[in-house]
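Scroll down for the structure; my scribbles are underneath it.
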Amino acid sequence: MTESPNLTRPHWQRLRRMYRSAGWPCLDAIELDLLAAGLLERIPSATGPDTLRVTDAGIAGLAGQRQQHQQALTTHQQCILRVAEHLHAQNRVCFSEISLRAKPGERWLQVRPDLYSIRKTTRAAYLEPVIHEIKVRRSDLLGDLKRPDKRAAYQALATRFYYVLGENVGDAADIPDDCGVLRCTANRLELLREAPPRAAEVSFASWMALAKATPLRTQPEPPPEL
């Protein structure tokens, strides 16, 4: 097998599709890379076109990718809970991955911030919605930074917007100046740069989304009193 140092996310997505399908060839550059890396192999047919099959090396590679994804997901969830605990201590209500709509430019965007929080208050003017976006892999951070429209949507929905970076993901210099930055490690949550404040209100559409959602809890709910 020839190892390829250039396998990217589209390569692994194609390999997963090949694993689930009959293996019909696409005859493109991604397929060529997978064949050269020994992750796919051609299966000749005497009655029709050749097909493709994921090799044992390809299956091992997919299993490794799955383990990495599960590990990253666990780290991501841990960071969400750590930030939520910090926000709860500030008397805020947190929602995780709630679907919200914003129109920062000419078109509407649907976004799902990792954490959306508001203050516990009965005064709409004092809600101060804040969004935290958690990144525990550098590739995810770099992909997000290539989408200024998504970042603008978050900023349109919140008075402050923060990126929360896991260990070895990046630092404040990687993040645009109009965003706050936090570092989330196994032991602490560190403020690297405060987010600049901006004017933002909770729209009617956001209120409807909040009404359908369940606030995020970081502690088990106490049993009911008898």
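Any value given below was found using the heavy atoms of this structure, including those in side chains, with hydrogens, waters and symmetry copies removed.
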Residue pairs involving residues 139-175 (criterion ring-ring contact (aromatic ring centres under 6.0 Å, His included); sequence neighbours excluded): His132-Tyr162, Tyr154-Phe161, Phe161-Tyr163
Once side chain to side chain donor-acceptor pair (under 3.5 Å) is applied, do any residues pair with [X], and if so which ones, sequence neighbours excluded?
X	answer
Glu106	none
Gln67	none
Asp28	Arg14
Arg107	Asp149

Mind checking who shares a hydrophobic cluster with Phe204, ILVMFWY linked at side-chain heavy-atom distances under 4.5 Å? Met208
If you round to the nearest 0.5 Å, how far is [atom2] of [Y] from [atom1] of [X]?
X	Y	atom1	atom2	value
Ile118	Asn91	CD1	CG	11.0 Å
Thr75	Ile80	OG1	CD1	11.5 Å
Leu7	Leu34	CG	CG	6.5 Å
Ile59	Leu15	CD1	CG	9.0 Å
Gln65	Arg9	CD	CZ	10.0 Å
Met18	Cys26	CE	SG	4.5 Å

Enumerate the residue pairs fulfilling salt bridge (Lys or Arg N to Asp or Glu O under 4.0 Å) with a member in residues 177-191, sequence neighbours excluded, ordered by first and then second residue. Asp177-Arg193
Contact list for residues 116-128, test salt bridge (Lys or Arg N to Asp or Glu O under 4.0 Å), sequence neighbours left out: Arg119-Glu128
Closest heavy-atom contact between Ala200 and Ala156? CB-O, 4.0 Å
How close do Arg151 and Cys179 get, heavy atom to heavy atom, and via which atoms? CD-SG, 3.4 Å
Side-chain donor/acceptor of [X] to backbone N/O of [Y], under 3.5 Å:
X	Y	answer
Arg92	Leu87	no
Glu133	Pro113	no
Asp174	Asp171	yes
Thr55	Gly38	yes

Contacts of type salt bridge (Lys or Arg N to Asp or Glu O under 4.0 Å), residue [X], not counting sequence neighbours:
X	answer
Arg137	Asp140
Arg66	none
Arg42	none
Arg198	none

